[in-house]
Amino acid sequence: MNEEAITSAYELLRASVMTYRGEPVGTVAAVAEGGAEAENYHDCFVRDFMPSALVFLADGETDIVRNFLRTVLRLRSQHQRIHGHQIEPAVLPASFRVSRDEAGKERIRADFGDHAIGRVAPVDAMMWWVILLNIYCRATDDKGLAIEPEVQRALRGILELTLREGFEVFPTLLVPDGAFMIDRRMGVYGHPLEIQALFYGMLVSAIELLRDTAESHDLLVLAEKRANMLRNYVQIFYWLDLERLNEIHRYRTEEFGTGSVNMLNIYPESIPEWVVDWLPARAGYLVGNLGPGRMDFRFFALGNLLAIILGITSQRQAQGILHLYQDRWEDLVGCMPAKLIYPAAVGEEWIFMTGSDPKNVPWSYHNGGNWPVLIWALVTAAIKTGRQDLARLALDVADHGLSRANWPEYYDGRAGNLIGRRAHLRQVWTAAGYILGHKLVEDEGLLDIFGAVDQREQGV
Ligand code: GLC
């Protein structure tokens, strides 16, 4: 372990704490250095706070996590009508910020995607909030928070919204582009894996947290059914290994009615060339997205790692994903854990997929950049799968240079050896993810912190 790096990471984490009415309520995305930070990096993002929260809980600093959970909930009252319609009241904000006027008067303002670049809806925020609430309750024995009427109401609201009947025939959740960590147009609309893993984690957590009353009974039954269907569906249809690739390669298409094998009508012609050479015989992964006639074969790291952590994969699949990391280490980790998606979209595909986004050029940012925040997820998934060797290896890689580079948000290049061209420095989830990764290898007992969302792990 690199003691100096840990000290520096903690300094950054402490400096990032945001207060409201004298209480700590969250951490800002990046701590300004007088540079040209994007305006919204002074916000506390719900997803960014997750690794910070886990570090605070592991250190017994529970107040900030409780205050954060409460603050996010209260901010729902700031929902606004946009052009004659309203965002669902159950939707939680992507981020919030505290500002102070000259007289020192504080104001807290939430962003429900109505201010975000590209105006994206943060569907993941409500999932993270429920998952964190459950982890908080388990880690602190503070059962009081979960049973507060406002919290129970919010849990019901989130379940009602996500379990509502829509236009869908699948158990997965349909979301717009950029509804999660990849909050830009990157061809991630539809049924992206990360949202499905979070949806599952949220359902399982909500089932634990919601009291069985006349008001919630039917919802609980529905949530239980949906969680089971979702897990089976993801394990069967998102899974890709060589055996399955062979099946898809020889798929019959245009099958009508019941009893079809190629239910989603995936054309074998859509299998990209890279995947055939790239997929090792002993490995596998969950594909990035799935819909009618559409299988997005790209490897999405956070979706796969969360699927292991939140228990939606089978044991065998978790092993397969870690084998993929081992056999394709250069591609998926390289010089900095870990690659966000593999491979990058290039040429015309980049033009059509991103709308010519200069921040998402090939092997940069969301389009194949390396994001050190993923360290915590990689380490957690590896330890959970019994691959401590890979967890340590990932930390070794991160130990070299991350703090010296001043905690960049992301790295560029196929190997992730260049500090991201437009990366913020002093990025807080980078530092928190690094601390958490080290904490987890030193004390595997901390994995129990995820116990809440981890119990019903079963395989097909
Ligand atoms: C970028 C990331 C997003 C993150 C935000 C703040 O927009 O894509 O996931 O929450 O920065 O760090």
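Remember, it's 1-based here, ligands and their atoms both numbered in the order they're listed. Below, all heavy atoms of this structure are taken into account, side chains as well, without hydrogens, waters or symmetry copies.
No side-chain N or O of W239 forms a donor-acceptor pair with one of T313 less than 3.5 Å apart. Side-chain polar atoms of R298 and Y342 form no donor-acceptor pair below 3.5 angstrom.
Taking a heavy-atom cut-off of under 4.0 Å, ligand 1 is surrounded by A29, Y41, F45, R47, D48, M181, D183, Y365, H366, E409, Q427, W429.
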>> Please evaluate residues R231 and Y200 with respect to the criterion side-chain hydrogen bond (donor to acceptor under 3.5 Å, both in side chains), reporting the C-alpha separation (whole Å), side-chain torsions for both, the decisive distance (0.1 Å), and the verdict.
In response: CA-CA 7 Å; R231 192 187 53 232; Y200 179 76; 3.0 Å; yes
>> Apply side-chain hydrogen bond (donor to acceptor under 3.5 Å, both in side chains) to residues T354 and N360 and explain how you reach the verdict.
In response: CA-CA 7 Å; T354 70; N360 272 335; over 6 Å; no
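Two rings, from W429 and F45, have their centers 6.0 Å or more apart.
Judged as a ring-ring contact (aromatic ring centres under 6.0 Å, His included), and not counting sequence neighbours, the contacts of F170 are H191, Y233.
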